[in-house]
Protein chains: 2
Amino acid sequence: MPAKRPPIPLSRERIIEAALHIADSQGLRRLTMRRLGDALQVEAMAIYHHLPRGKDALMDALAEHVTAVHVEPGGDWRETAREWCRASRAALREHPGVLALALTKPPKGQAAMAVREQTEQLAEAGLPDAAQAVRALRAYVFGAVAVEVQQSGWAEPAGPEDDAEPWLPPSRGGGSAAADADFERGLDALLAGLTRS
Amino acid sequence: MPAKRPPIPLSRERIIEAALHIADSQGLRRLTMRRLGDALQVEAMAIYHHLPRGKDALMDALAEHVTAVHVEPGGDWRETAREWCRASRAALREHPGVLALALTKPPKGQAAMAVREQTEQLAEAGLPDAAQAVRALRAYVFGAVAVEVQQSGWAEPAGPEDDAEPWLPPSRGGGSAAADADFERGLDALLAGLTRS
DNA sequence: ACCTGAACACCGTTCAAGT
DNA sequence: ACCTGAACACCGTTCAAGT
């Protein structure tokens with residue numbers, strides 16, 4: 001007989017990881033407490049022990065996970081801003097399944113802290129209205145990733161056959177290299193605009 | 001006794017209207033076929049007669065409704081683009097409850113047609129790479145509205161007391177006038193960037 | 001043609017109970 | 001402390017039936 005599954009203790013981190021996998025591979029609408037329990041080899045009710053507010057808490061945690069990024073402030077404010085935007089874009093693109101949450105839920109917890117951190121870094125580096133700049137940068141990243149993911153064809157039928165991969169290589173409707181170039185070009189333009197305001 | 005309710009025939013339009021009202025006032029997660037039926041004075045199952053693919057079709061229709069905008073092409077391409085962006089922003093802001101769908105679902109039907117129309121108008125007006133410009137403009141609007149709605153505090157607790165209003169006046173975290181000015185300023189910068197590329 | 005009733009499989013969440 | 005079983009109210013969707 002197979003060795004009895006070693007009962008790895010459940011944890012917030014393991015739950016979030018499994019939830020991201022389901023959301024990215026099957027879509028947010030198929031992310032279910034019961035399915036999540038199955039993926040974790042546990043009854044759905046066990047999850048409530050680690051996320052007391054249940055599914056709402058899970059959704060919040062997913063948005064937070066994909067949206068709480070950090071960078072070290074090297075170079076001038078322009079370069080710091082660039083790194084923030086690149087890191088944010090990468091985090092969002094990695095988990096298209098929860099993009100809707102990330103773009104829609106106001107930042108809480110770690111995510112709110114990351115926004116404050118970003119604002120302070122830019123202000124310290126000498127940018128006059130850092131709060132407004134951060135809003136503009138966040139908006140830029142959000143919009144760019146939204147159209148990239150739309151164009152990639154994620155959220156389409158896809159059928160229940162394909163299950164394992166986190167997501168197909170984003171090489172459709174223009175390809176990743178072109179998307180990268182577009183992103184950097186738009187980012188440069190935005191940074192130029194922020195300077196002379 | 002009260003006059004027997006006049007049986008206004010159900011229709012796709014009435015269904016979508018009622019669904020938008022529920023989503024905007026109570027959130028997408030509370031938009032339910034049964035609740036939607038109640039709002040329309042009809043059993044939930046009647047809806048399937050007008051939206052054969054059920055809830056998926058409803059979600060598609062909501063995204064389409066809030067995303068399929070049209071403008072008449074007056075002035076140069078810059079002014080046409082501006083009008084597209086203003087109209088898109090207005091449509092998205094009017095229905096924060098379905099913003100997640102609008103930013104996330106690839107355009108279909110009327111929405112896809114609107115994108116094509118916009119591209120053609122800009123190309124006809126002499127813009128070299130109109131397709132790329134439309135992507136950039138859509139991204140700009142999406143991102144701007146996403147942070148505006150996040151900042152407005154929509155999607156917060158709000159409780160089930162407040163039910164009637166479509167949405168509170170967007171006068172929080174900076175106010176609508178400041179948001180309008182930010183939007184126009186960013187739009188000008190983007191249009192300038194599109195010119196010299 | 002349009003709507004309803006009953007039924008089915010599946011949800012989120014609670015609570016007492018097990019270990 | 002951590003997980004389970006059973007239960008409850010609610011969900012999407014089907015299908016045969018009513019008018």
Side-chain angles (χ1 to χ4, degrees), chain A residues 4-23 25-63 97-98 100-101 105 155 157-160 163, chain B residues 4-23 25-63 97-98 100-101 105 155 157-160 163:
Chain A
K4 210 172 194 177
R5 58 179 168 85
I8 309 167
L10 214 46
S11 72
R12 212 184 126 91
E13 286 68 35
R14 289 215 315 131
I15 292 170
I16 291 173
E17 188 187 26
L20 284 172
H21 180 72
I22 295 175
S25 60
Q26 317 196 39
L28 203 56
R29 285 201 55 214
R30 297 184 68 89
L31 172 55
T32 254
M33 296 303 272
R34 281 157 148 108
R35 247 190 285 263
L36 185 51
D38 284 356
L40 291 162
Q41 313 246 44
V42 114
E43 297 298 314
M45 301 75 199
I47 297 166
Y48 288 78
H49 223 269
H50 299 261
L51 284 142
R53 266 175 42 262
K55 194 163 190 185
D56 282 347
L58 179 61
M59 299 304 226
D60 285 351
L62 294 178
V98 298
L101 299 177
K105 280 184 177 286
D163 181 26
Chain B
K4 212 171 192 176
R5 57 176 169 87
I8 308 167
L10 213 48
S11 71
R12 214 184 124 91
E13 285 69 35
R14 288 213 318 129
I15 292 170
I16 291 172
E17 188 188 25
L20 284 172
H21 180 74
I22 294 174
S25 60
Q26 318 195 39
L28 203 55
R29 283 202 57 214
R30 297 184 68 88
L31 171 55
T32 254
M33 295 305 271
R34 280 157 148 109
R35 247 191 284 262
L36 185 51
D38 283 356
L40 292 163
Q41 313 245 46
V42 113
E43 295 300 313
M45 301 76 199
I47 297 167
Y48 288 78
H49 223 270
H50 299 261
L51 283 142
R53 266 173 45 260
K55 194 161 191 186
D56 282 348
L58 179 61
M59 299 304 226
D60 285 352
L62 294 178
V98 297
L101 299 177
K105 281 184 175 286
D163 181 25

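Model, not experiment: these values are computed from the prediction. Protein chains get the first letters and strands the later ones, always in sequence-line order, with residue 1 at the start of each.
- Closest to the side chain of B:Tyr48, out of C:dG12, D:dC3, D:dT14, is D:dT14.
- Rounded to whole angstrom, the span from the CD atom of B:Glu43 across to the C1' atom of C:dT4 amounts to 6 Å.
- The distance from the CG atom of A:Asp38 to the OG1 atom of A:Thr32 is 10.0 Å, given to the nearest 0.5 Å.
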In residues 44-63 of chain A, what donor-acceptor pairs under 3.5 Å come from side-chain atoms, sequence neighbours left out?
unit_1	atom_1	unit_2	atom_2	d
A:Arg53	NH2	A:Asp60	OD2	2.9
A:Lys55	NZ	A:Leu31	O	2.8
A:Asp56	OD1	B:Arg29	NH1	2.6
A:Asp60	OD1	A:Lys105	NZ	3.0
A:Asp60	OD2	A:Lys108	NZ	3.1

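- The side chain of A:Met45 sits closest to C:dT14 out of D:dG12, C:dT14, C:dT4.
- Using a 4.0 Å cutoff on non-hydrogen atoms, the parts of residues 49-56 of chain B near DNA chain C are B:His49, B:His50, ordered by number.
- Counting any heavy atom pair closer than 4.0 Å across all strands shown, B:Arg35 reaches sugar-phosphate atoms only and no base atom.
- Expressed to the nearest 0.5 Å, how far CD1 of A:Ile16 lies from CD of A:Glu13 amounts to 6.5 Å.
- Residue B:Thr32 has no polar side-chain atom (N or O) positioned under 4.0 Å from OP1 or OP2 of D:dC10.
- A pairwise comparison of heavy atoms in B:Leu36 and B:Ala18 identifies CD1-CB, 3.7 Å as the closest pair.
- The nearest heavy atom of DNA chain D to B:Arg34 and to A:Arg34 marks one nucleotide each, and the one closer to the 5' end goes with A:Arg34.
- One atom, CG of A:Asp38, and another, P of C:dC10, lie 11 Å apart when rounded to the nearest Å.
- In this structure, A:Leu40 places its CG atom 11 Å from P of D:dT4, rounding to the nearest Å.
- Summarising the geometry, the separation between CG on A:Leu58 and P on C:dG12 is reported as 10 Å, rounded to the nearest angstrom.
- If you measure from atom CZ of A:Arg12 to atom P of D:dA1, you get 20 Å, rounded to the nearest angstrom.
- Across all strands shown, C:dA1 pairs with D:dT19; the Watson-Crick or G-U wobble distances both stay below 3.5 Å.
- Distance, A:Ile47 CD1 to D:dC2 C1': 14 Å, rounded to whole Å.
- The separation between B:Arg14 atom CZ and C:dC2 atom P is 13 Å, rounded to whole Å.
- With a 3.5 Å ceiling on both atom-pair distances, the Watson-Crick or G-U wobble partner of C:dA6 is D:dT14.
- To the nearest angstrom, C1' of D:dG12 lies 15 Å from CZ of B:Arg29.
- Minimum atom distance to the side chain of B:Met33 is reached by D:dG12, of the listed D:dG12, D:dC3, C:dT13.
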